[in-house]
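Quick one: the structure is below, and I'll ask about it shortly.
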Number of protein chains: 2
Amino acid sequence: MKSKILVVDDEPKIVEVVRSYLEAEGYAVIEAFNGRDALSLFEREYPALVILDLMLPDIPGEEVCQRLRRTSRVPIIMLTAKAEEEYVVAGFDLGADDYVTKPFSPRQLMARVEALLRRTTAEAIPLSKLLSYNEGDLVIDCDRHEVRKTGQLVALTPIEYKLLLTFAKYPRKVFTRDELVTLVLGADYEGFDRTIDAHVKNLRQKIESDTKDPKYILTVHGIGYQFGGE
Amino acid sequence: MKSKILVVDDEPKIVEVVRSYLEAEGYAVIEAFNGRDALSLFEREYPALVILDLMLPDIPGEEVCQRLRRTSRVPIIMLTAKAEEEYVVAGFDLGADDYVTKPFSPRQLMARVEALLRRTTAEAIPLSKLLSYNEGDLVIDCDRHEVRKTGQLVALTPIEYKLLLTFAKYPRKVFTRDELVTLVLGADYEGFDRTIDAHVKNLRQKIESDTKDPKYILTVHGIGYQFGGE
DNA sequence: CTTTTTGATGAAGATTTTATGAAGATAAAA
DNA sequence: TTTTATCTTCATAAAATCTTCATCAAAAAG
């Protein structure tokens, strides 16, 4: 389930546009057309993010922002026609996280919403579908389950692929053999941990240019292995 | 002391302008004029925020962003002439936190820097456990099992690493050789305690600027050793 | 100031850990 | 069932690391 977002604007048309875009992205949208409703709705619904117009019929948007900030660190994007530099700076000073001026690009607004939520929900940074290392020397295509070495498709076994992805997900992290066993072979694996060595060997033969001097899967002597791709 | 900010742009003039504004706000500024320098500087200095141009002479800014995101959640503001919607959206998709188009308003940029830092320092999620001594002269990264001396990665053997961590865990505490043997070589160690001396020697050669006058691993004559980092 | 004790250092052999190829075991596909 | 691909284990070779020792330098004691 995706996050709930509060959209506050006195122009119903704007709210409608923003709502449709947000819902297309899977967000739940709640709306307010004035400052008073915005504040009470915020109290009741705890949205994950607020998109706030500055020109509201009752309370000025600036004050709404300030009041929200008294009790909450909710991400706030100001969406307004006031484009002058002093307003922008003032908006940030009031505690806004972003400031978008009308007329605005809905797609760009969506991108900003996602960026802000990504930052605040503190989720792990999602891996992009296409991971590329050393200017395309090694490419992992997560969607297609494909790995290419200097453009050539290499056939990885299921375990090799999983091992590579585990490494790629946490570059530079040092994994002990036990960790790798748990992550790649499963928590209930009974066998012994040196099996990982064999898989590392096979994987290296497929993706390293020189197995004697590996660039991707590095040995951490006495501990385990580490992914060192750039 | 305010945060350290990395500014990356191939136009020295832009870097100069941004630097002057940032310094006026009290930030420490480090600069890079190409992607390669940006990445190595980032690794070395761990800045609190990155301002990144997209058009760089060597590696495209997009790739720099992606690479940073593989290992770090550092806030990234893209500062670029590419104003088209698709570029903006793509920039956010790569993991940028904000996107500012040239020509830009320095004051507005400052406001965005502050907003982002306000947001991220509030989270204060340490990415990896870093122990730093003498203003970054010696840095221990526990997750990555990495030790850096003046930014340079030093390769420690398992025992050296464990020894260093044992010291670092209790700065100023004086350890007898027997204690170190038990903690580092194991309670069931049979050998003799002067082995520790050899490991201390090797460790000193890797992390001390002057082994004749050690700053970190100090000898306590007649007793043992002590870690003297700040 | 000399003697005695303790620490520092370089090098060699011993030990531990990792790499690798191959064989048997297991699982999946035909 | 047969065939094929994959996984696990094992034995051995190779590499990295650890321990010890002999020697020299430094500190404490007499």
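Computation of the quantities below employed the complete heavy-atom set of this structure, encompassing side-chain atoms and omitting hydrogens, waters and symmetry-equivalent molecules. Here is how names work: the chains are called A, B, and so on, in the same order as the sequence lines, proteins then strands, and each is numbered from 1. If you're wondering where the values come from, they're calculated on a predicted model, not measured in any experiment.
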Interface residues of residues 157-170 of chain B with DNA chain D (non-hydrogen, below 4.0 angstrom) |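 Output list: B:Thr157, B:Pro158, B:Ile159.
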
Check B:Lys102 against B:Leu79 and note the closest heavy-atom contact, atom names and distance.
->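 Looking at all heavy atoms of both residues, the shortest contact is CE-O, 3.7 Å.
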
Think A:Thr219 has a side-chain N or O under 4.0 angstrom from the OP1 or OP2 of C:dA19?
->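 Yes, A:Thr219 has a side-chain N/O under 4.0 Å of OP1/OP2 on C:dA19.
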
Given salt bridge (charged side-chain N to carboxylate O under 4.0 Å, His left out), test A:Arg107 with B:Glu86 step by step and report yes or no.
-> CA-CA 9 Å; A:Arg107 279 187 62 211; B:Glu86 64 219 76; over 6 Å; no

Give the rounded distance in Å between these two atoms: OH of B:Tyr225 and C1' of D:dA27.
->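 Atom-to-atom, B:Tyr225 to D:dA27, this comes out as 14 Å.
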
Output yes when a side-chain donor or acceptor of A:Arg118 lies under 3.5 Å from a complementary backbone atom of B:Phe92, and no otherwise.
->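 Pair found, side chain donor or acceptor close to backbone of B:Phe92.
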
Nearest-Å distance for atom pair CG/C1', residues B:Leu218 and C:dA8 =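 From B:Leu218 CG to C:dA8 C1': 15 Å.
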
Evaluation steps, side-chain contact (heavy atoms from CB on, under 4.5 Å), between A:Lys149 and A:Glu208 | CA-CA 8 Å; A:Lys149 170 70 178 178; A:Glu208 296 285 2; 5.7 Å; no

Expressed in angstrom and rounded to an integer, what is the separation of A:Glu190 atom CD from C:dA25 atom P?
->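 The answer, rounded to whole Å, is 19 Å.
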
Quickly work out the A:Asp213 CG to C:dA19 P distance and round it to whole Å.
->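 Between P of C:dA19 and CG of A:Asp213: 13 Å.
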
So is B:Arg70 actually on top of A:Tyr133's ring, under 6.0 Å and inside 45° of the axis?
->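 Cation-pi check for B:Arg70 and A:Tyr133: passes.
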
Where is the tightest heavy-atom contact between A:Leu22 and A:Met110, given as atom of each residue plus distance?
->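 Closest pair (atom of A:Leu22, atom of A:Met110, distance): CD2-SD, 3.6 Å.
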
A:Phe175 ring centre to A:Lys173 NZ or CZ under 6.0 Å, with the angle to the axis within 45°?
->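 Yes, a cation-pi geometry.
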
Using five pairs at either end of the helix from C:dC1-D:dG30 to C:dA30-D:dT1, determine the angle between the two local helix axes and round it to 10 degrees.
->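 Here the helix ends are tilted 40° relative to one another.
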
Below 4.0 angstrom, N of the basic side chain to O of the carboxylate: do B:Asp97 and B:Arg69 qualify?
->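 Yes.
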
Side-chain N or O of B:Lys212 closer than 4.0 Å to phosphate OP1/OP2 of C:dA8 =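 Checking B:Lys212 against C:dA8: no side-chain N or O falls below 4.0 Å of OP1 or OP2.
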
Of the options B:Ile59, B:Asp58, B:Val64, which is the one that meets B:Asn34 in a side-chain contact (heavy atoms from CB on, under 4.5 Å)?
->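 It is B:Asp58, the one option of B:Ile59, B:Asp58, B:Val64 that forms the side-chain contact (heavy atoms from CB on, under 4.5 Å) with B:Asn34.
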
Pull out every residue in residues 192-207 of chain B that has a heavy atom closer than 4.0 Å to any atom of DNA chain C, ordered by number, or say none.
->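 Listed by number, they are B:Arg194, B:Lys201, B:Arg204, B:Gln205.
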
Could you point out which residue of A:Leu163, A:Ile140, A:Leu164 forms a side-chain contact (heavy atoms from CB on, under 4.5 Å) with A:Leu156?
->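 Of the listed residues A:Leu163, A:Ile140, A:Leu164, the side-chain contact (heavy atoms from CB on, under 4.5 Å) partner of A:Leu156 is A:Leu164.
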
Is the shortest side-chain N/O distance from B:Tyr189 to OP1 or OP2 of D:dC18 below 4.0 Å?
->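 No, outside the criterion.
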
Take atom CD1 of A:Ile223 and atom C1' of C:dT16, then tell me their distance rounded to the nearest Å.
->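 These atoms are roughly 14 Å apart.
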
Determine whether the aromatic ring centres of A:Phe227 and A:Tyr170 lie less than 6.0 Å apart.
->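 Not under 6.0 Å, so no.
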
